[in-house]
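Taking it in order: structure first as structure tokens, then the write-up.
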Amino acid sequence: MKIAVCVKQVPDTWAEKKLRSDDSTLDREAADGVMNELDEYAVEEALKVQAAHGGEVIIVTMGPERAGETVRKALSMGADGAIHLVDDAFHGSDALATSYAIATVLAGRGFDLIFFGSESTDARMSVVPAMVAERLGMAQLTFAQKVDVMGTSVTIQRVTDYGFETVEASMPTVVSVVEKINEPRYPSFKGIMAAKKKPVETLSIADAGLDVSQLGLAAAWTVVEDFAARPPKVAGTVVTDDGDGGIKLADFLAAQKFI
Amino acid sequence: MSEVLVVVEHADGSVKKVTSELLTLARTMGEPSAVWIGPGYSDAAAAVLGEFGAAKVYVADGAQYIDHPVAPRAEVLASLVADQSPSAVLIASSADGKETAGRLAIKINSGVITDAIGISAEGIATQSVFGGSTVVHSKVTKGTPIFTVRPNSTPPVPAAVTTTRVDVSVPISEVAMKAKVTGRTVAQKDGRPDLSEAAIVVSGGRGVGAPEGFAVIEALADSLGAAVGASRAATDAGWYPHQYQVGQTGKTVSPQLYMANGISGAIQHRAGMQTSKTIVVVNKDPEAPLFELADFGVVGDLFKVVPQLTEEIKKRA
Ligand SMILES: Cc1cc2nc3c(=O)[nH]c(=O)nc-3n(C[C@H](O)[C@H](O)[C@H](O)COP(=O)(O)OP(=O)(O)OC[C@H]3O[C@@H](n4cnc5c(N)ncnc54)[C@H](O)[C@@H]3O)c2cc1C
Ligand SMILES: Nc1ncnc2c1ncn2[C@@H]1O[C@H](COP(=O)(O)O)[C@@H](O)[C@H]1O
């Protein structure tokens, strides 16, 4: 079985995120980069499927040079190899462009399962997996809290507003996962050492056969007009309960006309 | 005036509140037409859509829309966009809504903006990003703009019109039916308002300590007519069902009032509640990071503070 996992490097979860004043894109230099948390769950799930059914796990990322750190982390966890799309002209790509680049490199490589996290912590769009599925003419099994592979069929539990749905499709298919699915492993020392020898295919826009006019800031389907930092929230009142905390809270709610 | 398509969110045949918000917003951008996808369209549904200004309701009825997630809905919308050339498409920012928007964007080669909290008549969307720290204005520059809009961002205002039903039948491709729903587990409804749409949300976290602990949270919620929410620590422990989780991987809520009890305020929890208008925090640890967001906080034991508050609310009612 051939399994791909799409992972994204994002600013550290706890770092303050900012837009650049020159071109209104995310300032990726301002904070340490980490693997998007939900993508760790995707890597873990791919490794579990591999452990049960065999095959190989290939990491796919599009991002600047330093996203190589995230690739190495995924390889340290146990993935077999990686494809890293790097090109200055990717800068400013939106979801449509990202899905175009990812779908193009995935196409024709014979992947049976393509894993994603269900959301990136920086863009927070939750659209790239559906877009890649659309571009590849594949089924999407998204927001999975459980994945079962049986023969050529994949069944997931899709988290919904009211509970969950059981959804089934034949391979090849796109799968995105939520954090309930597993507990991602930490890379072991052995894993970290082994990762250094694993193959990473680094592709530029030209290498990947991509059309540069569909990529980057100038080609984006959306444009930021302006942005502004919201003034930090004025600190509220905090009281210590001396036996009347609930009453003070009721006074506050009454003053705000909630009761 | 140009036509703006509003995709109806419905459950068990009834129109969700977010749809009246989207219709209200669409009226400032053009002339709203509603799009009902799935079975269960009724006179009652038509009445609600008409009340908020939908002169036309496109109805794509059929079981295929619930038997196969997302992809068939995008096909209906793509066909409507091709036939009607609307000036924009508005969809609620639910998980399904965003994915439908994503697939539609590829089909019609159009830009998509997710999680808008407002859209101007000129089609400029307002988003609140990075945990509410930055406000961004952006617009779609290619194709027919697609927006997903957060619930609770526009107060619904009626503007009644008579609705006309327009049936649409779109042949659904084999590709769109590749994923098939084979089962559905619907958690028990609790009779409280819908979490994403509620004006007040009362949440409990690890501090609630046990499933039974949620009784005090529910009692407070009921005294206020509120929805109940939970942190991941509480849902993972099995104290409260998963679909009530608020946060990055749970629901995003933006109520008038959010009350967090025994929740520390991890970044993933904040991601789902940070844009609430008023935030109240009860936590016995004065260092809990969520106090940074509190308009009013009480440092204390929730098992003392919350029941006292509930009593006081009942007394004052
Ligand atoms: C990929 C990923 C996605 C995630 N998604 C979400 C998400 O969607 N939603 C979410 O909530 N979390 C999410 N998390 C988890 C998040 O990081 C935190 O672990 C979680 O929010 C903690 O929940 P908590 O605040 O209830 O628990 P804790 O952090 O343990 O805090 C409990 C608080 O209760 C207080 N307390 C204890 N007893 C009492 C008492 N008697 N009275 C008053 N206060 C008391 C304590 O002082 C403490 O501050 C996610 C994590 C990851 C990695
Ligand atoms: N630049 C990228 N490279 C690889 N995968 C990505 C990239 N951007 C997004 N993804 C994948 O798409 C998922 C959803 O991202 P988003 O739609 O941005 O919320 C992520 O969890 C990743 O699995």
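Per chain, numbering begins at 1; letters A, B, ... match sequence-line order.
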Examine whether an atom of [X] lies under 4.5 Å from a heavy atom of chain A, and if so say whether it belongs to the side chain, the backbone or both; otherwise answer neither.
X: Ile267(B); answer: both
X: Asp115(B); answer: side chain
X: Asp67(B); answer: neither
X: Thr278(B); answer: side chain
X: Ala294(B); answer: backbone
X: Val281(B); answer: neither
X: Arg103(B); answer: both
X: Leu224(B); answer: side chain
X: Thr235(B); answer: side chain
X: Met177(B); answer: neither
X: Val70(B); answer: side chain
X: Ala317(B); answer: neither
X: Gln256(B); answer: both
X: Leu195(B); answer: neither

Is there a donor-acceptor pair closer than 3.5 Å between any side-chain N or O of [X] and the backbone N or O of [Y]?
X: Glu99(B); Y: Val128(A); answer: no
X: Lys251(B); Y: Asp161(A); answer: yes
X: Lys142(B); Y: Ala219(A); answer: yes
X: Thr141(B); Y: Trp221(A); answer: yes

Residue [X] versus chain B: region with a heavy atom under 4.5 Å:
X: Leu19(A); answer: both
X: Gln145(A); answer: side chain
X: Phe252(A); answer: side chain
X: Phe143(A); answer: side chain
X: Val159(A); answer: neither

Among Ile259(A), Val238(A), Val223(A), Asp251(A), which residue has the highest count of heavy-atom pairs closer than 4.5 Å to chain B? Val223(A)
Greatest number of heavy atom pairs closer than 4.5 Å to chain B - which of Asp226(A), Thr240(A), Val127(A): Asp226(A)
Which value, rounded to the nearest 0.5 Å, describes the distance between [X] atom [atom1] and [Y] atom [atom2]?
X: Thr185(B); Y: Gln157(A); atom1: OG1; atom2: CD; value: 7.0 Å
X: Asp241(A); Y: Lys284(B); atom1: CG; atom2: NZ; value: 13.0 Å
X: Lys180(B); Y: Glu168(A); atom1: NZ; atom2: CD; value: 8.5 Å
X: Ser128(B); Y: Arg230(A); atom1: OG; atom2: CZ; value: 4.5 Å
X: Glu311(B); Y: Ile247(A); atom1: CD; atom2: CD1; value: 10.5 Å

Got a salt bridge between Glu134(A) and Lys178(B), using NZ or NE/NH1/NH2 to carboxylate O under 4.0 Å? no
Return the set of residues passing salt bridge (Lys or Arg N to Asp or Glu O under 4.0 Å) with Asp12(A) (not counting sequence neighbours), or none when no residue passes. none
Step-by-step salt bridge (Lys or Arg N to Asp or Glu O under 4.0 Å) determination, Asp236(B) to Lys180(A): CA-CA 8 Å; Asp236(B) 268 12; Lys180(A) 313 235 174 280; 3.5 Å; yes
Of all the residues in residues 113-126 of chain A, which have a heavy atom that comes within less than 4.5 Å of a heavy atom in chain B? Glu119(A), Thr121(A), Asp122(A), Arg124(A), Met125(A), Ser126(A)
Would Asp244(A) and Lys304(B) count as a salt bridge (Lys or Arg N to Asp or Glu O under 4.0 Å) here? Give the steps. CA-CA 9 Å; Asp244(A) 62 350; Lys304(B) 297 205 175 94; over 6 Å; no
